[in-house]
Protein chains: 2
Amino acid sequence: MSELDGALEPGSEAAPARSVRERLIMAGEQLFAEHGWNGVSIRTIAAAAGVSLAALNYHFGVKEHMLAEIFAARARPIAEARVRRLDELEASGGVMLEQVLDAFLRPAFSADVGGRIFARLRARLGTEHEAFSRRILSDAFDESSKRYVTALARLLPELPEAELAWRFHFMLGTMVYTMADSGRIQALTNGACDPGEVETALSRLVPFLAAGFRAALPPT
Amino acid sequence: MSELDGALEPGSEAAPARSVRERLIMAGEQLFAEHGWNGVSIRTIAAAAGVSLAALNYHFGVKEHMLAEIFAARARPIAEARVRRLDELEASGGVMLEQVLDAFLRPAFSADVGGRIFARLRARLGTEHEAFSRRILSDAFDESSKRYVTALARLLPELPEAELAWRFHFMLGTMVYTMADSGRIQALTNGACDPGEVETALSRLVPFLAAGFRAALPPT
DNA sequence: GTCTATACAGTGATAGAC
DNA sequence: GTCTATCACTGTATAGAC
């Protein structure tokens, strides 16, 4: 972004001279991940990035905006991966429900870099219902999620629209709660189950959800 | 609790003279529910209860302890109702999976008084994984939840212990996420679905979860 | 034991100079 | 764009009255 970056010799990735804004975002992401939203002050973040407190405030205004930018930066690749996988599936013809669910869930769980960081952030936003948190989530995920709802509707044609929306909502609950890794399952199983293992969690989650999506309609 | 309460004429419920501690807890519950954990200061709570700041600190020490007491007060009746319903079910003989799930979920959703208040608190605690939050949840729910895991294991004898734990964990995810009412389902359905309606949510949730619990084991 | 008054270090945010 | 200085406010602690 900074016009100074161009002066670096080519081939030197991870350029040591990043813009102030980038340094702040990197420091913020790491510190928020380590200590949580309230566990770290913007002063600490500014110091870690080597800038002054007011410089941080100049770039982000309020603390929440900083979180929003960090979140959006991580969320976009996830939403894009979801859409790409769905495209591939639909192009390949006969799609199975399990494949669609895996395509939706896997990018969120994998989250190439800094997975845990993003996961807890996502979980926390999912439980707030202030306008600010809603906006962050909507901007990041509404578009791709609606594509999945459409795809699921085609796979489950007998399911009324509202019922499908509920089941999609339930899926989000299992996903967010597992990503949050609150320690509840460890407490109940004396540590036998660990939601931190991506493949284990997914191999458990997908069949569970697929059965739920296919469940017979409740008697009205 | 206060010995002054006895002086009131009988039949006057909602006694106007409560102990300082009770007034603080009532004010704290309402304000936390409205504005969230960080949205309200202990000064505000103390003022709402008509006592001084230091009096609040005398009773609760740190802010977190106040939340813990409020949560425990709401959680205990829920855990008790769960155990009572399970006792009744088991005493009546032939138990259906759907009945067990309903018995577990309904008390959390109903939460006779101040339902929303508690629901959001529960959801938020479910996403924190600090030792403090874990302890609150464990103290409140581990015992009754383990009874349900046992009951479910009897109903689903072919399910390995670990698999059952995962599915129980997924159920908690759908429950907490629905109770949190984050607005995601409204965003995706343009407001057509409202998780705030207890009977609607339960009638959707129970069949979904029952199918998930009954799902065939994934191929190893 | 219960409560008040007061003080303190640290927070997010802002104003205005450079 | 970035700084210094400062603001109102937070959670917490203590000393002492009843």
Side-chain angles (χ1 to χ4, degrees), chain A residues 1-7 17-32 34-71 121 124-125 128 130-133 136, chain B residues 1-5 7 17-71 121 124-125 128 130-133 136:
Chain A
M1 291 296 172
S2 163
E3 64 282 334
L4 290 168
D5 293 358
R18 304 191 110 86
S19 74
V20 169
R21 198 186 181 81
E22 283 172 309
R23 292 211 312 272
L24 281 168
I25 286 194
M26 289 173 62
E29 175 165 35
Q30 190 193 326
L31 289 168
F32 281 141
E34 273 182 57
H35 307 105
W37 169 252
N38 296 304
V40 58
S41 69
I42 56 175
R43 281 173 169 80
T44 308
I45 298 174
V51 303
S52 81
L53 170 65
L56 185 151
N57 247 297
Y58 166 76
H59 283 287
F60 300 103
V62 298
K63 195 180 180 185
E64 280 178 333
H65 287 170
M66 184 171 200
L67 185 74
E69 282 213 34
I70 293 173
F71 184 84
L121 220 55
R124 184 173 300 214
L125 286 177
E128 317 261 348
E130 292 135 41
F132 171 74
S133 309
I136 296 181
Chain B
M1 290 297 173
S2 164
E3 63 281 335
L4 290 169
D5 293 358
R18 303 190 110 85
S19 74
V20 168
R21 198 185 181 82
E22 283 172 310
R23 291 210 314 271
L24 281 169
I25 287 193
M26 290 172 62
E29 175 164 33
Q30 190 194 325
L31 288 169
F32 280 140
E34 274 182 56
H35 306 105
W37 170 251
N38 296 305
V40 57
S41 70
I42 57 176
R43 281 172 169 80
T44 308
I45 298 174
V51 304
S52 82
L53 171 65
L56 185 152
N57 246 298
Y58 166 76
H59 283 287
F60 299 103
V62 296
K63 196 180 180 186
E64 281 179 331
H65 288 169
M66 186 171 197
L67 185 73
E69 282 212 35
I70 292 172
F71 185 83
L121 220 56
R124 184 171 300 214
L125 286 177
E128 317 259 349
E130 291 136 41
F132 171 74
S133 308
I136 296 182

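What you see below is based on every heavy atom in this structure, not just the backbone, and it leaves out hydrogens, waters and symmetry mates. Here is the naming used below: chain letters follow the sequence lines, and residue numbers restart at 1 for every chain.
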Any donor-acceptor pair under 3.5 Å from E22(A) side chain to S19(A) backbone
yes

Hey, is the main chain of R23(A) close enough, under 3.5 Å, to the side chain of R18(A) for a donor-acceptor pair?
no

Given atom CG of N38(A) and atom P of dG12(C), what is their separation to the nearest angstrom?
9 Å

Please give, in whole Å, the distance from dT11(C) P to K63(B) NZ?
15 Å

So which pairs with a foot in residues 40-56 of chain B pass side-chain hydrogen bond (donor to acceptor under 3.5 Å, both in side chains), sequence neighbours left out?
S41(B)-T44(B)

Validation: residues 62-70 of chain B side-chain donor-acceptor distances under 3.5 Å, sequence neighbours left out:
from	atom 1	to	atom 2	distance (Å)
K63(B)	NZ	W37(B)	O	3.0
K63(B)	NZ	V40(B)	O	3.0
H65(B)	ND1	F60(B)	O	3.3
E69(B)	OE1	R21(B)	NH2	3.4
E69(B)	OE2	R21(B)	NH2	2.4

A47(B) meets the side chain to side chain contact (heavy atoms under 4.5 Å, CB included) criterion, sequence neighbours left out, with none

Rounding to a whole Å, what distance do you find between H35(A):NE2 and dT11(C):P?
13 Å

Each nucleotide in nucleotides 2-7 of chain D should get exactly one letter: B, S or -. Can you fill that in based on protein heavy atoms under 4.0 Å?
BBB---

Nearest 0.5 Å, what's the CG-CD1 distance between L56(A) and I45(A)?
6.5 Å

In whole Å, I'd like the distance from the CD atom of E64(A) to the C1' atom of dT11(C).
15 Å

Rounded distance (Å) that lies between atom C1' of dG12(C) and atom CG of N57(A)
7 Å

Would you kindly give the CE-to-P distance between M66(B) and dT12(D), to the nearest whole Å?
12 Å

Please state how far atom NE2 in H65(B) lies from atom C1' in dA13(D), giving the value in whole angstrom units.
15 Å

